[in-house]
Amino acid sequence: MLIKGYDVGPVVPGESLLVHPGFWSNYLLAMCSNGGCAERPVPEWFGEDGADVDALSEVLFDPDRWLVFRVPADDGPGFVVIYRNLDGDYGTDYLITHPGRSYAEQIASWDGDLSGVGLTWSELTQIADNPSLADESIQDTATRLLLLLPLLTDPDGQEAASARLIAALTAVGAPQDTASIAAEHLLAHLTRRSRHDPTWASPLSGS
């Protein structure tokens, strides 16, 4: 697989790992691990354990394999999530794809916190709820929502967002009693960010 701008790394599909125990802890717990939560985040929130997390982290952060997760949309822009496993510069990059364009454009990255352009809640759910039928597509809406969650920059509508996030976490294997705890902590981190500026151009506009 070749993605423009990533020919320096061994980019490979990662979608098969989404159902492996330890994935969601590796992917989402970092959002709650910046010292802002009174309660210590644990993998059990996601129905996983430390051994699951450690085993899968060796795969996710392997510098010889930069894992890619494709989230195309049925009608409009989609996203590509890449584990940038560059030695000394590990992070997660978020690229947007537009219909009719032959390339993906990076709009944000996660290196302990989000930098770049994010999504409002309505934009995030719009993409999550409109999967492409392409063979390479991640079609499960809960999985799509959780993969794009770190891009959320709009904390408005938190009650609806909380219910939707709890349902998504439960759908990927989080126990019902801890899914609500995980959702609360994830949204608490997101609401501590700078609020989405309505004058910013949406990354979905194609501009």
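Sequence positions, counted from 1, serve as the residue numbers for this chain. Keep in mind it's a predicted model, so treat the numbers as computed, not measured.
Between Pro99 and Pro77, the shortest heavy-atom distance links the atoms CD-N, 3.9 Å. Heavy-atom minimum distance, Ser25 versus Phe46: OG-CD1, 3.5 Å. Heavy-atom minimum distance, Gly47 versus Pro175: N-CD, 3.4 Å. Considering every non-hydrogen atom in both Pro150 and Leu146, the closest pair reads CD-O, 3.7 Å. For the pair Leu56 and Pro21, the tightest heavy-atom approach, listed with the atom from each and the gap, is CD2-O, 3.9 Å. The heavy-atom pair separating Gly14 from Leu67 by the smallest distance is CA-CD2, 4.0 Å.
At a threshold of 4.5 Å between non-hydrogen side-chain atoms, the residues Leu149 and Leu145 do not count as touching. Side-chain contact check for Val12 versus Trp66: every heavy-atom pair is 4.5 Å or farther apart. Inter-residue side-chain proximity for Thr125 and Thr141 is flagged as unmet; no heavy-atom pair is nearer than 4.5 Å. In this structure, the side chains of Ser132 and Arg70 stay at 4.5 Å or more apart for every pair of heavy atoms. For the pair Thr97/Val80, a side-chain contact is recorded, criterion being any heavy-atom separation below 4.5 Å from C-beta on. Side chains of Leu18 and Trp24 form a contact here, defined as non-hydrogen atoms less than 4.5 Å apart. Residues Ile127 and Leu119 meet the side-chain proximity criterion, which asks for heavy atoms closer than 4.5 Å. No side-chain heavy atom of Leu60 sits under 4.5 Å from any side-chain heavy atom of Ser57.
Every side chain to side chain contact (heavy atoms under 4.5 Å, CB included) that Asp49 has, sequence neighbours left out, goes to Glu44, Ala51, Asp52. Among residues two or more places apart in sequence or in another chain, the side-chain hydrogen bond (donor to acceptor under 3.5 Å, both in side chains) test is passed with Ser16 by none. In this structure, Asp62 has no salt bridge (charged side-chain N to carboxylate O under 4.0 Å, His left out) partners at least two apart in sequence or on a different chain. Applying the salt bridge (charged side-chain N to carboxylate O under 4.0 Å, His left out) criterion to Asp89, with sequence neighbours excluded, gives Arg84. With sequence neighbours excluded, no residue forms a side chain to side chain contact (heavy atoms under 4.5 Å, CB included) with Glu184. Here Arg65 pairs with nothing under the salt bridge (charged side-chain N to carboxylate O under 4.0 Å, His left out) rule; sequence neighbours left out.
Here the side chain of Glu58 pairs no donor or acceptor atom with the backbone of Ala55 at under 3.5 angstrom.
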request  = Report the C-alpha separation of Thr143 and Glu15 in whole Å, then their side-chain angles, then the decisive distance to 0.1 Å, and conclude whether the side-chain contact (heavy atoms from CB on, under 4.5 Å) test is met.
outcome  = CA-CA 10 Å; Thr143 300; Glu15 288 87 356; over 6 Å; no
task = Go through the steps to decide whether Leu187 and Ser162 satisfy the test side-chain contact (heavy atoms from CB on, under 4.5 Å), and finish with yes or no.
result = CA-CA 7 Å; Leu187 289 173; Ser162 177; 3.8 Å; yes
request  = Take Leu28 and Met31 through the side-chain contact (heavy atoms from CB on, under 4.5 Å) test and state the conclusion after the steps.
outcome  = CA-CA 6 Å; Leu28 294 175; Met31 292 177 59; 4.0 Å; yes
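Under the 4.5 Å side-chain contact rule for hydrophobic residues, Ile181 and Ile166 do not share a cluster. Val53 and Trp110 are assigned to two separate hydrophobic clusters, defined by single-linkage of ILVMFWY side chains at heavy-atom distances under 4.5 Å. Put simply, Val172 and Ile138 are part of the same group of oily side chains (I, L, V, M, F, W, Y) that touch within less than 4.5 Å, one to the next. In terms of hydrophobic clustering, with Ile, Leu, Val, Met, Phe, Trp and Tyr side chains grouped at heavy-atom distances under 4.5 Å, Leu86 and Val68 are assigned to a common cluster.
The CG atom of Leu151 sits 5.5 Å away from atom CZ of Phe79, with the distance rounded to the nearest 0.5 Å. Atom-to-atom distance recorded for Glu123:CD and Leu152:CG is 10.0 Å, nearest 0.5 angstrom. For the atom pair CD of Gln106 and CD1 of Ile82, the computed distance is 8.0 Å after rounding to the nearest 0.5 Å. The distance from atom OG1 of Thr178 to atom NE2 of His185, rounded to the nearest 0.5 Å, is 11.0 Å. Distance check: Asp74 CG to Gln139 CD gives 9.5 Å after rounding to the nearest 0.5 Å.
Below 30°, between 30° and 60°, or above 60°: for Tyr90 and Phe61 the angle between ring planes is above 60°, a perpendicular geometry.
Ring to ring, Tyr27 and Phe69 are not that close: their centroids are 6.0 angstrom or more apart.
Heavy atoms from other residues, nucleotides or ligands lying under 6.0 Å from CG of Asp75 number 12 at most.
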